[in-house]
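Here is the structure we will look at.
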Amino acid sequence: MSAHRSNPTDLAARGAARIEWIRSRMPLLAEVRARFADEQPFAGQRIGMSLHLEPKTAVLLETLHAGGAEIVATGNHGSTQDDIVAVLRQQGMTVHGSRADTLDDHHANVAAVDAARPSILLDNGADLAALAAARIDDAAVAAGDPTGATGIIGGTEETTSGGLRLRAELAGRLPFPIIVINDSLLKAIGENKHSVGQSVVESIMRITNLRIAGRRFVVAGYGWCGRGIAQYLRAMGGKVAITEIDDLKAFEAAWDGYRVGGIVDLASWAEVLITATGHAGVVTDEVVDALPDGAVLANAGHFPWEIDVPALYARAVRRTTLDEAIERIDLPGGRSVVLLAEGRMMNLAGREPKGNSIEAMDLGFLLQALSLERVVRGGPALVAGAQPVPDDIERHIARRMLAAMGAHR
């Protein structure tokens with residue numbers, strides 16, 4: 001790292017300029033930030049956050065901070081942007097983590113946020129919820145304490161992977177409400193489909209400098225993110241096939257005009273294979289063995305587990321870093337595959353990562369801000385555990401987004 005980049009003051013100046021551009025294009029959050037500053041709904045609350053630390057997230061944190069919240073935060077592994085961390089620290093927030101963090105460092109950062117004993121969680125992947133669940137006192141719950149002696153009144157969960165975890169591993173274990181932002185149809189359409197679709201395709205182009213037109217892509221998963229990735233690849237001339245274990249989603253992909261099949265069968269056709277399922281162990285040794293020589297592997301899911309990277313590395317004869325976020329894995333027998341961003345979320349872990357579009361995150365983070373406000377203010381609709389965004393919040397934001405887009409014109 002160059003000397004000027006290592007200076008926290010210079011880092012913060014660079015980050016502040018980047019945030020200024022992002023903030024200027026997020027009118028929905030600007031509107032609610034002004035209201036929060038006046039009403040102070042989060043006064044006396046400590047929000048513990050684990051979410052990608054990039055400029056759009058910074059605008060969300062500024063909004064919550066303006067509403068009176070104390071912020072203790074960390075990023076997700078591999079996506080933390082150091083200049084943004086420097087800005088947030090200057091603004092008086094406690095922020096753990098750096099771009100260079102190892103996975104162990106990341107786990108320690110999440111533990112540090114939990115150790116600050118937040119009263120509200122803003123989670124991504126349910127890491128904070130899992131730590132909180134381990135602290136719940138069942139006797140306190142039985143005695144009527146809705147926080148389970150954790151002091152947590154509730155929170156939100158951002159992503160598909162975290163929603164799945166809340167409803168499986170953590171099902172029935174949380175006595176407080178967690179609003180799953182990913183359940184929102186607004187997020188599904190605006191962020192997961194259109195914005196993830198756009199940002200993943202843009203990231204492939206930026207990281208690899210490869211053409212899209214005429215290239216063969218296999219997308220694993222046909223949820224909202226997979227739909228968007230497939231749509232944007234096809235719009236740019238890519239040849240796209242879908243592998244999906246859910247029969248109804250596979251049916252939908254076929255009717256949308258994509259080739260559909262099993263992942264091992266389709267792997268032999270793929271020049272690029274992209275995972276977007278939210279599940280672990282999608283790309284196994286068997287899948288890797290079926291790939292053509294030189295095929296590219298990329299992950300668009302939240303956790304770096306969809307591609308079994310440890311197994312891939314264990315088989316490697318040689319690993320060669322070809323460029324930032326591009327690694328060639330030489331395999332026995334003379335074949336190789338190319339792995340992007342070490343299997344992490346490629347649109348936030350690759351070269352000069354931009355993530356989802358500003359407008360999509362203005363919508364998505366307004367969902368976060370208003371859902372967290374609902375947690376604080378309470379309401380009869382909130383129950384213990386994972387639940388969708390309240391319908392009135394969804395419809396309010398839909399109307400505001402249509403107005404911001406000038407959709408009537």
Side-chain angles (χ1 to χ4, degrees), residues 196-197 200-201 203-205 207-208 210-223 225-234 236-247 249-254 256-301 303-320 322 325-347 350:
V196 170
V200 166
V201 176
S203 296
I204 290 172
M205 297 167 67
I207 293 170
T208 69
L210 293 172
R211 77 178 194 285
I212 301 298
R215 182 162 262 111
R216 301 187 305 274
F217 295 86
V218 170
V219 178
Y222 203 63
C225 292
R227 291 182 184 104
I229 294 166
Q231 176 179 321
Y232 279 78
L233 287 169
R234 185 161 66 178
M236 295 194 69
K239 299 177 180 178
V240 184
I242 304 296
T243 180
E244 170 58 69
I245 61 173
D246 183 285
D247 296 331
K249 291 178 182 176
F251 169 85
E252 179 184 3
D256 284 343
Y258 298 104
R259 178 181 177 184
V260 177
I263 189 168
V264 175
D265 293 336
L266 289 177
S268 63
W269 178 83
E271 292 179 275
V272 180
L273 194 159
I274 304 167
T275 55
T277 71
H279 294 283
V282 176
V283 176
T284 60
D285 285 349
E286 185 181 13
V287 176
V288 171
D289 287 341
L291 289 166
D293 184 32
V296 175
L297 285 170
N299 171 48
F303 285 116
W305 62 17
E306 301 200 26
I307 301 168
D308 191 345
V309 175
L312 181 60
Y313 284 167
R315 299 178 61 197
V317 174
R318 183 181 298 104
R319 294 166 50 192
T320 307
L322 303 177
I326 304 177
E327 184 179 24
R328 188 184 68 228
I329 313 296
D330 294 327
L331 300 168
R335 295 173 57 252
S336 68
V337 295
V338 174
L339 179 66
L340 302 187
E342 298 179 308
R344 299 195 298 272
M345 184 185 287
M346 61 169 304
N347 57 343

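Ile263 contributes atom CD1, which lies 8.0 Å from atom OG1 of Thr275 (distance to the nearest 0.5 angstrom). Of the inter-residue distances, the one linking Glu306 atom CD with Met345 atom CE reads 9.0 Å to the nearest 0.5 angstrom. Going from atom CD1 of Ile242 over to atom CG of Leu266 covers 9.0 Å, rounded to the nearest 0.5 Å. Glu252 contributes atom CD, which lies 10.0 Å from atom OH of Tyr258 (distance to the nearest 0.5 angstrom).
Taking the salt bridge (Lys or Arg N to Asp or Glu O under 4.0 Å) definition, one finds that Arg216 meets it with Glu271, sequence neighbours left out. Listed by chain and number, the residues in a side-chain hydrogen bond (donor to acceptor under 3.5 Å, both in side chains) with Arg315 are Asp289 (sequence neighbours excluded). In this structure, the side-chain hydrogen bond (donor to acceptor under 3.5 Å, both in side chains) partners of Glu342, at least two apart in sequence or on a different chain, are Arg344. Not counting sequence neighbours, Asp265 has no partner by the salt bridge (Lys or Arg N to Asp or Glu O under 4.0 Å) test. Partners of Thr243 according to the side-chain hydrogen bond (donor to acceptor under 3.5 Å, both in side chains) rule, which considers only residues two or more places apart in sequence or in another chain, do not exist here. With sequence neighbours left out, the side-chain hydrogen bond (donor to acceptor under 3.5 Å, both in side chains) criterion links Arg211 to no other residue.
With Glu244 contributing its side chain and Tyr222 its backbone, the two residues share a donor-acceptor pair below 3.5 Å. A donor-acceptor pair under 3.5 Å is formed between the side chain of Arg335 and the backbone N or O of Leu291. Looking only at distances, a side-chain donor or acceptor of Asp293 sits under 3.5 Å from a matching main-chain atom of Ser336.
In this structure, the side chains of Val337 and Leu312 come closer than 4.5 Å at one or more pairs of heavy atoms. With contacts defined as side-chain heavy-atom distances shorter than 4.5 Å, the pair Tyr232/Ile212 does not qualify. At a threshold of 4.5 Å between non-hydrogen side-chain atoms, the residues Asn299 and Val309 do not count as touching. Residues Ile326 and Leu340 form a side-chain contact, since some pair of their non-hydrogen atoms from C-beta on lies under 4.5 Å apart. Inter-residue side-chain proximity for Ile245 and Thr277 is flagged as unmet; no heavy-atom pair is nearer than 4.5 Å. For the pair Asp308/Asp285, no side-chain contact is recorded, criterion being any heavy-atom separation below 4.5 Å from C-beta on. With a 4.5 Å cut-off on side-chain heavy atoms, Leu210 and Ile204 do not count as touching. Annotation: side chain of Ile274 is in contact with side chain of Leu233 (closest heavy-atom distance under 4.5 Å).
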Stepwise side-chain contact (heavy atoms from CB on, under 4.5 Å) check, Leu273 with Val287: CA-CA 10 Å; Leu273 194 159; Val287 176; 4.0 Å; yes
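Of all the heavy atoms in Ile229 and Ala300, the pair that sits closest is CD1-CB, 3.8 Å. Minimum heavy-atom separation, Ser268 to Pro292: O-CG, 3.5 Å. The two atoms that bring Ala241 and Trp269 nearest to each other are CB-CZ3, 3.7 Å, heavy atoms only. Considering all non-hydrogen atoms of both residues, Val260 and Ala250 come closest at CG2-O, 3.8 Å. Leu331 and Val288 make their closest contact through CD1-CG1, 3.7 Å (heavy atoms, listed as atom of the first residue, atom of the second, distance).
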